[in-house]
Amino acid sequence: MTTRRPARRQTEIAEYVVQHGTATAHELVEAFGVSLMTVHRDLDALERQGVVRKYRGGVTAQPTSVFESNVAYRLNTAQVQKQALARRARTMVEPGMSVMLDDSTSALAVVRLLEDVTPLTVATNFLPAVSLLTAMPGVQLVVLGGIYSPTHDSFGGVPCAEAVEALQTDLLLCSVSAVSSTHAYHQEQEIVLVKRAMLRAARTRVLLIDNAKLRRTALHRLAPLTDFDLVLVDDQAPAEQVAALRDQGAAVEVVPV
């Protein structure tokens, strides 16, 4: 039997089902070396997250636009890559700075590394980040309110965008759903509204993308990659895709995992 942790195994099962479109429970038993009961428990958890739709004997994948916004799903994907990107982003933060973080789990990974660079002013609309930052001495926290979304566990909409526009920060650390060779994309228009406001409100703008985002598509164009001062991508990204980003003028740094 496998020794994978449940969250890690569920993420791998989700990726398997998304890649294949559909899978039977017995197929997942064989693929992951766990019991049928464990598979059903994992599938129940993934169905609650909106990743899969169960039917008798198996599951089908929900459209990616349904579940990629779900914070419970995002927290368990590409963790090693996000931690590597966060370590590099952390080197750009210095005591006394003002930093804006979006509601991405990539930016959240940076939060966990900020305790030794205070004093800081940190502005964010992401509740998991707020929870961590309130426990950090030396951090002046600016909570960007607005319309609360349980799916994202963050605030958004016009009120949030207006709160962002009242600020001017030294640094923005953010992420997106998908990246082409020229632009950053997100699947939800309301999120794009807030992220565009954040881009306007920061002097230095850094985009953190794990390699999987180079293979995805999303509906709404956020901004050209050249609008970011730096694009950080992990070293598991194909060299030809990194070259394509650079050929279009993006400032790309490949981060070792």
Side-chain angles (χ1 to χ4, degrees), residues 5 7-8 11 69-157 159-176 191 194-210 228-234 253 255-257:
R5 292 180 299 168
R8 170 78 176 274
T11 299
S69 295
N70 190 297
V71 66
Y73 175 78
R74 291 186 288 124
L75 283 168
N76 289 310
T77 60
Q79 291 176 312
V80 174
Q81 291 84 357
K82 290 173 184 176
Q83 289 164 9
L85 296 172
R87 287 192 295 271
R88 172 62 181 95
R90 155 64 183 79
T91 67
M92 304 182 69
V93 181
E94 298 178 358
M97 290 181 67
S98 56
V99 182
M100 188 175 293
L101 306 173
D102 69 353
D103 63 350
S104 67
T105 52
S106 297
L108 180 65
V110 182
V111 172
R112 299 185 173 95
L113 306 177
L114 295 180
E115 284 187 298
D116 63 343
V117 284
T118 56
L120 285 176
T121 298
V122 182
T124 185
N125 62 329
F126 197 21
L127 274 184
V130 169
S131 298
L132 292 173
L133 290 164
T134 53
M136 291 186 187
V139 171
Q140 182 180 46
L141 175 61
V142 180
V143 179
L144 302 168
I147 301 168
Y148 177 70
S149 166
T151 299
H152 305 91
D153 203 13
S154 66
F155 298 97
C160 185
E162 290 177 345
V164 171
E165 288 167 352
L167 303 176
Q168 181 71 47
T169 63
D170 297 314
L171 178 65
L172 168 66
L173 301 175
C174 66
S175 191
V176 290
I191 304 296
V194 173
K195 289 181 188 287
R196 283 180 177 166
M198 288 180 168
L199 284 169
R200 293 191 295 269
R203 295 185 183 91
T204 301
R205 299 165 293 273
V206 179
L207 181 65
L208 287 68
I209 51 170
D210 61 83
F228 296 92
D229 298 281
L230 184 62
V231 178
L232 299 178
V233 62
D234 67 82
E253 180 178 329
V255 177
V257 173

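Here the structure is a predicted model, which is why all the values come from computation and not from measurement.
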Margin query: Looking at every heavy atom in both S98 and Q168, which two are closest together, and how far apart are they?
Written below: OG-O, 4.1 Å
Checklist line | Close side-chain approach of V139 and L114, heavy atoms under 4.5 Å | finding: no
Next item on the list: Taking all non-hydrogen atoms of both residues into account, name the closest pair between V110 and A89 and its distance.
Entry: CG2-CB, 4.0 Å
Next item on the list: Output all residues satisfying side chain to side chain donor-acceptor pair (under 3.5 Å) with S106, sequence neighbours left out; order by chain, then residue number.
Entry: none
Next item on the list: Would you mind reporting whether E94 and D170 have side-chain heavy atoms less than 4.5 Å apart?
Entry: no
Item checked: Nearest non-hydrogen partners of P137 and T118, listed with the distance -> O-CG2, 3.4 Å
Next item on the list: Looking only at non-hydrogen atoms, find the nearest pair between A163 and G145 and report the distance.
Entry: CB-O, 4.5 Å
Notebook entry, point to check: Is it true that R203 and D229 have a side-chain N and a carboxylate O under 4.0 angstrom from each other?
Noted result: no
Next item on the list: Would you check if L167 and M100 make a side-chain contact, meaning some heavy-atom pair closer than 4.5 Å?
Entry: yes
Next item on the list: Not counting sequence neighbours, which residues clear side chain to side chain donor-acceptor pair (under 3.5 Å) with D234? List them please.
Entry: N211
Next item on the list: Could you pull out all residues at least two apart from R200 that satisfy side chain to side chain donor-acceptor pair (under 3.5 Å)?
Entry: E165
Margin query: Run the side-chain contact (heavy atoms from CB on, under 4.5 Å) test against A107 and tell me which residues pass, sequence neighbours left out.
Written below: L101, D102, S104
Next item on the list: State which residues pass ring-ring contact (aromatic ring centres under 6.0 Å, His included) with F155; sequence neighbours excluded, sorted by chain then number.
Entry: Y148
Note to self: Is there a side-chain contact between L171 and T169 in this structure, where contact means two heavy atoms from C-beta onward sitting under 4.5 Å apart?
What the structure shows: no
Next item on the list: Return the set of residues passing side-chain contact (heavy atoms from CB on, under 4.5 Å) with Q83 (not counting sequence neighbours), or none when no residue passes.
Entry: Q79, R87
Item checked: pair P128-D153: side-chain heavy atoms closer than 4.5 Å -> yes
Note to self: Rounded to the nearest 0.5 Å, what separates atom CG in L173 from atom CE in M198?
What the structure shows: 11.0 Å
Next item on the list: With sequence neighbours excluded, tell me which residues meet salt bridge (Lys or Arg N to Asp or Glu O under 4.0 Å) with R196.
Entry: none
Margin query: Going by the rule side chain to side chain donor-acceptor pair (under 3.5 Å), which residues pair with R88 if we only count those two or more places apart in sequence or in a different chain?
Written below: T91, E253
Checklist line | Side chain to side chain, M97 and L120, heavy atoms closer than 4.5 Å | finding: yes
Check: Taking K195 for the side chain and S175 for the main chain, is one N or O donor matched with an acceptor at less than 3.5 Å?
Finding: yes
Next item on the list: Heavy atoms only: give me the nearest V206-F228 pair and the separation to one decimal.
Entry: C-CD2, 4.3 Å
Checklist line | Residue from V143, L141, D103 passing side chain to side chain contact (heavy atoms under 4.5 Å, CB included) with T124 | finding: L141
Note to self: To check you understand the geometry: which heavy-atom pair defines the closest contact between L199 and R205, and what is its length?
What the structure shows: O-CD, 3.1 Å
Next item on the list: Can you measure from CG (L132) to CZ (F126) and round to the nearest 0.5 angstrom?
Entry: 9.5 Å
Check: Under the side-chain hydrogen bond (donor to acceptor under 3.5 Å, both in side chains) rule, what pairs show up with a residue in residues 128-144, not counting sequence neighbours?
Finding: T121-Q140
Checklist line | Point-to-point distance, once rounded to the nearest 0.5 Å, from CG of L133 to CD of E115 | finding: 9.5 Å
Notebook entry, point to check: Going from CG on L207 to CG on L232, what distance comes out if it is rounded to the nearest 0.5 angstrom?
Noted result: 8.0 Å
Next item on the list: With the side chain counted from C-beta on, respond yes when P159 and I147 share a heavy-atom pair under 4.5 Å apart, and no when they do not.
Entry: yes
Notebook entry, point to check: Measuring from L208:CG to L108:CG, what's the distance to the nearest 0.5 Å?
Noted result: 12.0 Å
